[in-house]
Amino acid sequence: EREADEVCALVAGDTRLLTLTGAGGIGKSRLAIEVATRSEAAFADGAWFVDLSGVRDPALVAPTLAHALGIREAAGALPVASLKSYLSSMRALILLDSFENVTAAAPLILDLLASAPGVHFFVTSRSVLRVRGEQEYPLPPLPVPEPGVTDPANSAALELFLERAAAANPHRTLSDADREAAAEICRRLDGVPLSLELAAARTRLLPPTT
């Protein structure tokens, strides 16, 4: 919630190129989608999600973006020219998810920002784009419980683990020993959300203390 509030404030402010960085599995896409959903009403033309996770060629970023925006290119028109024309009068938030494989396309974002003053770009990536005007927001892992702490109210990592464990096996009640083991798992996994979810799912077969 704290990170979501902070990023929403940046997106709605003067930051026109915000890059949410962090390791794989840290929760960048999930947070970015939450922020875009919350921020959509602040943009007259809404928020748009562009999935780049399957794109490896930077040259394909422009046509992928055009397709996501529903732009029908005129015969012979270049994707970049079509994007510039389409975005020039828009006020919109565009979320480019998983940009780390196409960072060479970063100059395209600057080009579009220059021709579309009402558009804000929100990027998720494992690394920064290293371009002018970019603001980075590093996403940290979830706070893990201190040794001896088993109350999920004091640790977002433990709260997530116990929530997913309960969903995996709603008929099992975790003992105090299970909670202590769950807290240790959170520490060993460094609070990385995806790792916690995968480990919690295993409690359907084995309790944390096994």
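What you are looking at is a predicted structure, and each value in this text was computed from that prediction instead of being measured.
Nearest approach of L110 to R132, heavy atoms of both residues: CD2-O, 3.2 Å. Annotation for T19 and E134: closest pair OG1-OE2, 2.6 Å, computed over non-hydrogen atoms. For the residue pair P58 and A105, the shortest heavy atom distance occurs at O-CB, 3.8 Å. Here the closest heavy-atom approach between residue A32 and residue L95 is recorded as CB-CD1, 3.7 Å. For the residue pair S89 and D45, the shortest heavy atom distance occurs at O-OD2, 4.4 Å. Heavy atoms only, all atoms of each residue included: A183 and V149 are closest at CB-O, 3.6 Å.
Within the structure, salt bridge (Lys or Arg N to Asp or Glu O under 4.0 Å) pairs that include any residue of residues 154-169 comprise R164-E197 (at least two apart or interchain). Applying the side chain to side chain donor-acceptor pair (under 3.5 Å) definition to pairs two or more places apart or across chains, those involving residues 94-112 are S29-D97, K84-D111, D97-T124.
Annotation: side chain of R179 is in contact with side chain of P152 (closest heavy-atom distance under 4.5 Å). Contact annotation: the side chain of R126 approaches that of K28 to within less than 4.5 Å [non-hydrogen atoms, C-beta and beyond]. A heavy-atom distance below 4.5 Å is not found between the side chains of P145 and N154. Taking the side chain as every heavy atom from C-beta outward, L83 and I71 approach each other to under 4.5 Å. Side-chain atoms of L17 and V131, non-hydrogen and from C-beta on, do get closer than 4.5 Å to each other. Side-chain contact between P208 and T203: present, with at least one pair of heavy atoms (C-beta onward) separated by less than 4.5 Å. The closest side-chain heavy-atom distance from S39 to C8 is below 4.5 Å.
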**Asked** Run the side chain to side chain contact (heavy atoms under 4.5 Å, CB included) check on V119 and L112 step by step: do they pass?
**Response** CA-CA 8 Å; V119 172; L112 295 176; over 6 Å; no
**Asked** Does the pair I94 and L87 meet the rule for a side chain to side chain contact (heavy atoms under 4.5 Å, CB included), with working shown?
**Response** CA-CA 10 Å; I94 298 177; L87 295 174; 3.9 Å; yes
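In this structure, V144 stands alone, with no Ile, Leu, Val, Met, Phe, Trp or Tyr side-chain heavy atom under 4.5 Å from its own, directly or through other members.
Under a hydrophobic clustering in which Ile, Leu, Val, Met, Phe, Trp and Tyr are joined whenever their side-chain heavy atoms come within less than 4.5 Å, directly or via other members, F121 and Y86 fall into the same cluster. V123 and V128 fall into different hydrophobic clusters, defined by Ile, Leu, Val, Met, Phe, Trp and Tyr side-chain heavy atoms under 4.5 Å apart, directly or through other members. Hydrophobic clustering of Ile, Leu, Val, Met, Phe, Trp and Tyr side chains at less than 4.5 Å, counting indirect connections, keeps F49 apart from L52.
Distance check: E40 CD to W48 CH2 gives 9.5 Å after rounding to the nearest 0.5 Å. Taken from CZ in F161 to CG in L198, the straight-line distance is 11.0 Å, to the nearest 0.5 Å. A distance of 13.0 Å separates CG of L206 from CZ of R204, quoted to the nearest 0.5 Å. If you take CG on L20 and CZ on F99, they are separated by 14.0 Å, rounding to the nearest 0.5 Å. For the atom pair CG of L65 and OG of S82, the computed distance is 11.0 Å after rounding to the nearest 0.5 Å. Atoms CZ and SG, on R188 and C186 in that order, are 12.0 Å from each other to the nearest 0.5 Å.
Taking 4.0 Å as the cut-off between side-chain N and carboxylate O, R38 and E1 count as a salt-bridged pair.
In this view, A201 satisfies the side chain to side chain contact (heavy atoms under 4.5 Å, CB included) rule with no residue, not counting sequence neighbours. Residues meeting the ring-ring contact (aromatic ring centres under 6.0 Å, His included) test with F43, sequence neighbours left out: H120.
In this structure, R16 contributes its side chain and G13 its backbone to no donor-acceptor pair below 3.5 Å. Not one N or O on the side chain of S85 forms a donor-acceptor pair closer than 3.5 Å with the backbone of A81.
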Distance-only check: which donor-acceptor pairs under 3.5 Å involve side-chain atoms of residues 135-142, not counting sequence neighbours?
residue	atom	partner	partner atom	Å
Q135	OE1	T15	OG1	3.1
E136	OE2	T21	OG1	2.6
Y137	OH	E6	OE1	2.5

